[in-house]
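See below for the structure under consideration.
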Amino acid sequence: MSGDARLFATPAGVTLGSLDAVPDGGTRNYVLQLRAGRFHGFVIRRGDRVYGYVDRCPHAGLPLAQKLDRYLTADGRYIACSWHGALFDPSSGLCVGGPGAGQRLTEWPVEVNERVIVTR
């Protein structure tokens, strides 16, 4: 694999940064350049808890957001694919409406450890 390959997982123990870098109720995009290639993912923050997903719509294979860090609906209730309008539950990644209903986003395992977001 070359360093240009698109990756869909990361190793455990990668430090992403402070929990405070993600607004409570908001999202943040992360692009990690690893030896094997580049990974695109995003994190949703709900208080002291985070949920991570690979930035790829299961319906079309495209990144979900057309604008950086804009993954949620206006009311913050769902993750929205900005290309086709699919809606996903933030805590499970399940598609609850639109194209691809019943499919899931690929989880990106992340956790908070002493107010720092790390991959697990």
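Since this is a predicted model, take the numbers as computed values, not measurements. For the single chain, residues carry numbers from 1 onward in sequence order.
Summarising the geometry, atom CG belonging to Asp24 is positioned 8.0 Å from atom CG belonging to Asp48; distances are rounded to the nearest 0.5 Å. From Phe39, atom CZ reaches atom OH of Tyr30 across 11.5 Å, with rounding to the nearest 0.5 Å. The distance from the CG atom of Leu62 to the SG atom of Cys81 is 7.0 Å, given to the nearest 0.5 Å.
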Can you give each donor-acceptor pair under 3.5 Å made by side-chain atoms of residues 10-23, sequence neighbours left out, with the distance rounded to 0.1 Å?
unit_1, atom_1, unit_2, atom_2, d
Thr10, OG1, Trp108, NE1, 2.8
Ser18, OG, Asp20, N, 3.0
Asp20, OD1, Arg115, NH2, 2.7

Distance-only criterion, 3.5 Å: show the donor-acceptor pairs between side-chain atoms of residues 54-61 and protein atoms not counting sequence neighbours.
unit_1, atom_1, unit_2, atom_2, d
Asp55, OD1, Leu64, N, 2.8
Asp55, OD2, Tyr71, OH, 2.7

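Contact check for Val43 versus Thr27: no side-chain heavy atoms found under the 4.5 Å cut-off. When side chains are defined from C-beta on, Leu72 counts as touching Ile79, because their heavy atoms get closer than 4.5 Å.
Here the side chain of Arg6 pairs no donor or acceptor atom with the backbone of Phe8 at under 3.5 angstrom. At distances below 3.5 Å, at least one donor-acceptor pair connects side-chain atoms of Thr73 with backbone N or O atoms of Tyr78. Between the side chain of Tyr53 and the main chain of Phe42, no donor-acceptor pair closer than 3.5 Å is present. A donor-acceptor distance shorter than 3.5 angstrom exists from the side chain of Arg104 to the backbone of Ser92, with no hydrogens or angles considered.
Counting all heavy atoms, side chain and backbone alike, Ala36 lies closest to Ala5 at O-CB, 3.6 Å. When every heavy atom of Pro90 is checked against every heavy atom of Ile44, the shortest pair comes out as CB-CD1, 3.9 Å. For Arg120 against Val110, the heavy-atom pair with the smallest separation is NE-O, 3.4 Å. When all heavy atoms of Cys95 and Ala86 are compared, the closest pair comes out as SG-CB, 4.1 Å. Nearest heavy atom pair, residue Arg46 against residue Gly76, reads NH2-O, 2.9 Å. Annotation for Ala65 and Arg70: closest pair CB-O, 3.3 Å, computed over non-hydrogen atoms.
Contacts of Arg49 classified as side chain to side chain contact (heavy atoms under 4.5 Å, CB included), with partners at least two apart in sequence or in another chain: Tyr51.
For CZ of Arg77, the number of neighbouring non-hydrogen atoms (other residues, nucleotides, ligands) closer than 6.0 Å is 12 at most.
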